Amino acid sequence: MALILGIESSCDETAVAVIDTSGTTLDARVVAQRIASQDAAHRPYGGVVPEIAARAHVEVLAPMVAATLADAGIALGAIDAIAATAGPGLIGGVMVGLVTGKALAMAADKPLIAVNHLEGHALSPRLADPALAYPYLLLLVSGGHCQIVEVRGLGQYRRLATTIDDALGEAFDKTAKILGLGYPGGPAVERLAREGDPRAVPLPRPLLGSAEPHFSFAGLKSAVLRAHESGRYDPADIAASFQQAAIDCLVDRLRRALAACAPVTALVVAGGVAANWALRSALETLADGAGLPLVAPPPRLCTDNAAMIGWAGAERYAAGLFDPLDFVARPRWPLDADAAPVRGAGVKA
Ligand code: KG4
Ligand code: ZN
């Protein structure tokens, strides 16, 4: 049994959690968690401003560590290891969390675990569902990434597909901006989509049916802009049609990946966009058809949080994988370092 302190600060959420590895349910495993959202600070700019984010992390992180330990009813000395996000992400924020993790590890004389934020998302379903065994097929959909990954074991990731241009969360956020829904965009688009007709606006489904495995969302985003500017469509219909087009692309690419990958125990979805209920229900149908269970963590574990970082730390702790105190923060840090680069501009790792 181990107690792991998790720290997350790679984007616009500051989060701290205490994970108890002896727990057999999500609630028993996440002893305490605090999340401070910076939404209000970034809203006037319609997106995350890196400088503002880094400063906001500095202001709240240290008191949040103290408060989260107090919530858990333990002292720092009772923690077995400190797990902090060390990348990828906005480098200023990542450095704030990593330096804080290093300082705590040094002060408490406990090991540091430098966690890849994407590994946090990738393993979050195992935190939520203790029965989920390796290997599984993962759809990782967040603000910066859109990938299909075969998760074979801890640290063993084979990327089957990635986006050749925009991430899906980015496309949701841009759609929200075009429709004047504000920031953050994903949840707002989902809400408005419920009132619209998903067949009302003809939108492209980039790479649908393509023999190559990857995703593309830039053309869909431009089509949303053109549809809106034409003045012919109701914003709710645009939101619903965009969401449906995106889901159609995900399902098509996943169907292809399921046919191509080695046998897996489950279809799994993680990352911020996995909080989307329309997506989850489409994936449920896809998994059903493939004879696999769908594992989707509760929405609060899909968007950025520290419980998933603490959990990735817990899996690394069990495997004896620790990092030196001079570990350098990584703005880019692919899950699968061996994956071949894909064609297209602005490719995310
Ligand atoms: O994983 P995450 O919290 O941060 C990153 O690591 O990027 O993902 C944030 C992204 C944002 O683009 C946000 O708009 C999107 O996830 N998102 C959603 C929903 N909730 C968050 N997209 C669609 N539907 C949602 N309900
Ligand atoms: Zn994330």
Side-chain angles (χ1 to χ4, degrees), residues 6-15 17 35-39 42-43 46-48 50 53 85-91 93-94 97 115-125 127 138-147 149 162-163 166-179 181-194 196 198 217 220-221 224 239-240 242-247 249-250 269-283 296-309 311-312 331-335 348-349:
I7 297 174
E8 160 59 30
S9 60
S10 67
C11 193
D12 59 344
E13 324 279 344
T14 319
I35 301 183
S37 164
Q38 304 174 1
D39 285 355
H42 300 292
R43 193 165 290 128
V48 179
T85 296
L90 301 174
I91 194 65
V94 171
V115 174
N116 181 325
H117 179 85
L118 300 174
E119 182 168 79
H121 280 302
L123 302 185
S124 63
L127 165 59
L138 168 74
L139 172 67
L140 175 49
V141 271
S142 69
H145 299 270
C146 185
Q147 304 184 356
V149 181
T162 188
T163 175
D166 297 346
L168 183 55
E170 212 174 328
F172 265 93
D173 292 336
K174 293 263 171 59
T175 297
K177 209 167 180 175
I178 291 166
L179 298 179
L181 303 179
Y183 171 87
V189 171
E190 180 175 19
R191 266 194 306 278
L192 186 60
R194 275 191 217 119
F217 295 107
L220 175 57
K221 185 183 71 187
V224 165
F242 159 77
Q243 184 171 272
Q244 189 58 52
I247 289 172
C249 293
L250 294 178
V269 61
V273 185
N276 186 290
W277 289 104
L279 170 59
R280 293 160 82 103
S281 103
L283 295 184
R300 68 178 191 283
L301 264 195
C302 292
T303 47
D304 286 349
N305 64 86
M308 69 180 191
I309 302 304
W311 177 255
R332 298 216 156 198
W333 187 359
L335 260 188
K348 308 296 188 294

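The figures that follow rest on heavy atoms only: side chains count, while hydrogens, waters and symmetry mates do not. As the structure lists them, so they are numbered: ligands from 1, and atoms in each ligand from 1. Counting begins at 1 with the first residue of the sequence. What you are looking at is a predicted structure, and each value in this text was computed from that prediction instead of being measured.
Protein N/O/S atoms closer than 2.8 Å to the Zn ion (ligand 2): His117 NE2, His121 NE2, Asp304 OD1.
Nearest approach of Gly144 to Ala167, heavy atoms of both residues: C-CB, 3.4 Å. Here the closest heavy-atom approach between residue Ala270 and residue Pro125 is recorded as CB-CG, 4.2 Å. Among all heavy-atom pairs drawn from Val273 and Leu279, the shortest one is O-CD2, 3.7 Å. Closest non-hydrogen pair, His121 versus Cys302, comes out as CE1-O, 3.2 Å. Annotation for Leu220 and Ala245: closest pair CD1-CB, 3.8 Å, computed over non-hydrogen atoms.
With contacts defined as side-chain heavy-atom distances shorter than 4.5 Å, the pair Pro297/Leu127 does not qualify. Residues Trp277 and Glu190 are in side-chain contact: their nearest non-hydrogen atoms beyond the backbone lie under 4.5 Å apart.
Within the structure, ligand 1 lacks Pro184 among the residues with a heavy atom less than 4.0 angstrom away. Put simply, no part of His145 is less than 4.0 Å from ligand 1, judged by heavy atoms. Pro187 counts as a contact of ligand 1, since one of its heavy atoms falls under 4.0 Å from the ligand.
When non-hydrogen atoms are compared, ligand 1 lies under 4.0 Å from the side chain of His117 (C-beta onward) but not from its backbone. Looking at Thr303 against ligand 1, both its backbone and its side chain come within 4.0 Å, counting heavy atoms. Contact annotation: for Glu13 versus ligand 1, there are no heavy atoms closer than 4.0 Å.
Of the N or O atoms in Gly169, one or more lie within a sub-3.5 Å distance of an N or O in ligand 1. At least one N or O atom of Gly186 sits closer than 3.5 Å to an N or O atom of ligand 1. Polar contact with ligand 1: present for Gly272 (N/O pair, distance under 3.5 Å).
Qualifying side chain to side chain contact (heavy atoms under 4.5 Å, CB included) partners for Ala240, counting only residues two or more places apart in sequence or in other chains: Ala193, Pro198. In terms of the salt bridge (charged side-chain N to carboxylate O under 4.0 Å, His left out) criterion, Arg280 has no residue partners (sequence neighbours excluded). The side-chain hydrogen bond (donor to acceptor under 3.5 Å, both in side chains) search around Thr14 returns His57, not counting sequence neighbours.
Glu190 OE1, 2.8 Å is the protein heavy atom nearest to atom 26 (N) of ligand 1. The single protein non-hydrogen atom nearest to atom 11 (C) of ligand 1 is Asp173 OD2, 3.6 Å, given as residue, atom name and distance. Regarding atom 9 (C) of ligand 1, its nearest protein heavy-atom neighbour is Gly143 N, 3.7 Å. The protein atom (non-hydrogen) at minimum distance from atom 3 (O) of ligand 1 is Asp304 N, 2.9 Å.
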